[in-house]
Q: 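What follows is a structure written as structure tokens; I'll ask about it next.
Keep in mind it's a predicted model, so treat the numbers as computed, not measured.
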Amino acid sequence: RSKGLEYPVTICHALNNKLRENIWGLNLVSEIDRPDLEDILGHRWLRFWVNPYADQLSKTRLEERLHDTPEWATARRAALDEEARLLYVGLTRARDYLVFPTAPNGAKWLNRVFNHGDETIPTLDAYSDETPFYHGDLPLLIETEMLFKPTAFGEAPPDLAPVSFHSPRKGRHQLPRPPAVVDVQNELPFGVEPTFSDPRAWGSWLEFSGEYDADLGKAVQAFFIADFGQTNADDRLGVAARQLEIRQQQQALSPQSLVLQSDSFQAFIQQMFEPETAHVKYALSGISRGKALDLDVDFWLETPSDIVLVSLANFADGMKKWRNQAQAAAPLLFWARWLAMQIRPGKSVSTWVVFPMEAQAVELMFG
């Protein structure tokens with residue numbers, strides 16, 4: 001793959017590495033010097049040797065005896081040949097400059113290649129510009145730069161100079177995919193526009209002290225859901241007080257007022273819809289055009305022929321902003337209605353937005 005490639009500067013690094021004789025582990029041993037074309041796979045076998053000393057082999061009796069074996073000589077010759085081939089590739093890649101970074105102990109790899117395995121004879125002299133290299137019968141000279149550096153380098157200050165560069169080409173890359181989930185709080189199908197009935201009163205304004213706080217609205221909604229269908233008076237007052245306490249709204253509204261408002265709401269539900277079954281925070285899920293739907297509706301009311309879905313709205317500033325609140329609830333109610341029609345085919349499904357603070361209700365209709 002590197003044949004024919006050239007570079008303006010080529011750096012032959014790691015020239016002080018030791019020779020790596022491949023004698024341990026798995027080796028292929030041939031019994032003949034030239035392959036037998038009549039028996040390509042013959043005359044050779046696999047040899048597996050285990051080094052019992054690992055990295056502590058040096059200066060052991062085993063190492064001394066191993067150096068006198070023909071196996072060691074074969075492994076050393078193969079390693080030297082491979083070093084020569086690799087170095088040849090590096091040398092012939094250079095077009096303008098060839099760099100040999102070396103340590104004080106010299107370039108042992110370079111020495112072994114040019115001195116037939118003897119790494120003690122220096123190939124390059126740091127105090128001379130002569131080399132054993134020729135090009136077109138002309139000797140190649142070398143320029144040596146000696147640098148003295150500590151064994152540990154301190155942290156260099158950051159280079160804050162601007163660098164000019166071209167931004168990388170994007171090429172083939174993964175495009176972000178839209179989430180395969182319907183945003184039921186904000187997403188309506190294209191072309192769907194809800195219409196609203198006029199507000200319908202079901203009780204009296206819930207009087208509170210001071211400025212309206214969003215936490216007060218959360219306390220009222222939480223109690224409406226927790227209180228639905230409850231009958232024990234003491235338990236209901238306790239839950240109302242707890243909801244106001246959690247959101248620190250004890251001074252704005254009394255538990256008794258909250259219970260009375262919930263009574264009016266539940267009476268409206270019974271008189272208006274006469275449900276046989278009712279569920280609060282009713283969870284719904286399904287798939288629409290490959291996207292997942294996952295939501296819960298505040299109230300699911302059901303009769304033999306109808307389903308009524310109710311969502312509690314925030315404070316509408318005395319019904320001055322009721323259309324905005326109803327519009328905000330439209331996506332969730334649309335998808336809840338769509339799922340209800342899949343679950344209960346044949347039943348009529350209506351959707352309502354209830355304003356607990358103002359004691360008003362608005363029906364939403366989808367064409």
Q: Is the side chain of Glu358 donor-acceptor paired with the backbone N or O of Gly318 at a distance under 3.5 Å, no angle test?
A: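 Indeed, once roles are kept as given, a pair shorter than 3.5 Å links the two residues.
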
Q: Determine whether Trp352 and Leu284 fall in the same hydrophobic cluster, where Ile, Leu, Val, Met, Phe, Trp and Tyr are linked whenever their side-chain heavy atoms lie under 4.5 Å apart.
A: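 Cluster IDs for Trp352 and Leu284 differ.
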
Q: When you measure from the side chain of Thr102 to the backbone of Ala107, do you find a donor-acceptor pair of N or O atoms at a distance under 3.5 Å?
A: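 Such a contact is absent between Thr102 side chain and Ala107 backbone.
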
Q: Distance-only, no hydrogens or angles: does the Trp109 side chain make a donor-acceptor pair with backbone N or O of Ala14 under 3.5 Å?
A: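 Flag not set: sc Trp109 to bb Ala14 has no pair under 3.5 Å.
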
Q: Could you check whether any side-chain N or O of Asn115 sits under 3.5 Å from a backbone N or O of Asn111, counting only pairs where one atom can act as donor and the other as acceptor?
A: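 Yes.
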
Q: Kindly compute the distance separating CG (Leu57) from NZ (Lys59), expressed to the nearest 0.5 Å.
A: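 Atom-to-atom, Leu57:CG and Lys59:NZ are 12.5 Å apart.
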
Q: For Arg47, is there an ion pair with Glu71 - N to carboxylate O distance below 4.0 angstrom?
A: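 Result for this pair is no, no salt bridge flagged.
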
Q: With clusters built from Ile, Leu, Val, Met, Phe, Trp and Tyr whose side-chain heavy atoms come within less than 4.5 Å, directly or transitively, what are the remaining members of the cluster of Leu80, listed by chain and number?
A: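 Its cluster mates, by chain and number, are Leu19.
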
Q: Using 30° and 60° as the class boundaries, would you call the ring planes of Tyr282 and Trp300 parallel, tilted or perpendicular?
A: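 Judged by the thresholds at 30° and 60°, the geometry between Tyr282 and Trp300 is tilted.
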
Q: Mind telling me whether Trp335 and Trp338 have parallel, tilted or perpendicular rings, with 30° and 60° as the class edges?
A: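 Ring orientation of Trp338 relative to Trp335: perpendicular.
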
Q: For the backbone of Ala79 and the side chain of Arg20, can you confirm whether one donor and one acceptor N or O come within less than 3.5 Å of each other?
A: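 Not at all, since once roles are kept as given, no pair shorter than 3.5 Å links the two residues.
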
Q: Quick check for you: to the nearest 0.5 Å, what is the distance between Leu295 atom CG and Asp183 atom CG?
A: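 Here the rounded value is 11.0 Å.
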
Q: Under 30°, 30 to 60°, or over 60°: which ring-plane class applies to Trp49 and Trp24, parallel, tilted or perpendicular?
A: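 Judged by the thresholds at 30° and 60°, the geometry between Trp49 and Trp24 is tilted.
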
Q: Holding to ring-ring contact (aromatic ring centres under 6.0 Å, His included), I want the full list of residues that pass it with Phe133, two or more places apart in sequence or in another chain.
A: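 Here the qualifying residues are Phe114.
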
Q: Relative to each other, are the rings of His67 and Trp72 parallel, tilted or perpendicular (30° and 60° limits)?
A: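 The arrangement is tilted - the two ring planes meet at 30° to 60°.
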
Q: Any donor-acceptor pair under 3.5 Å linking the side chain of Thr131 with the backbone of Leu140?
A: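 At least one qualifying donor-acceptor pair exists.
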
Q: Is it true that, when you exclude His43 itself, more than 12 heavy atoms of the residues, nucleotides or ligands shown sit nearer than 6.0 Å to its NE2?
A: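 Check passes, neighbour count above 12.
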
Q: I'd like to know if Phe223 and Leu253 are part of one continuous hydrophobic network [Ile/Leu/Val/Met/Phe/Trp/Tyr, side-chain heavy atoms within less than 4.5 Å].
A: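 Yes; tracing contacts between hydrophobic side chains, which count when under 4.5 Å, links both residues.
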
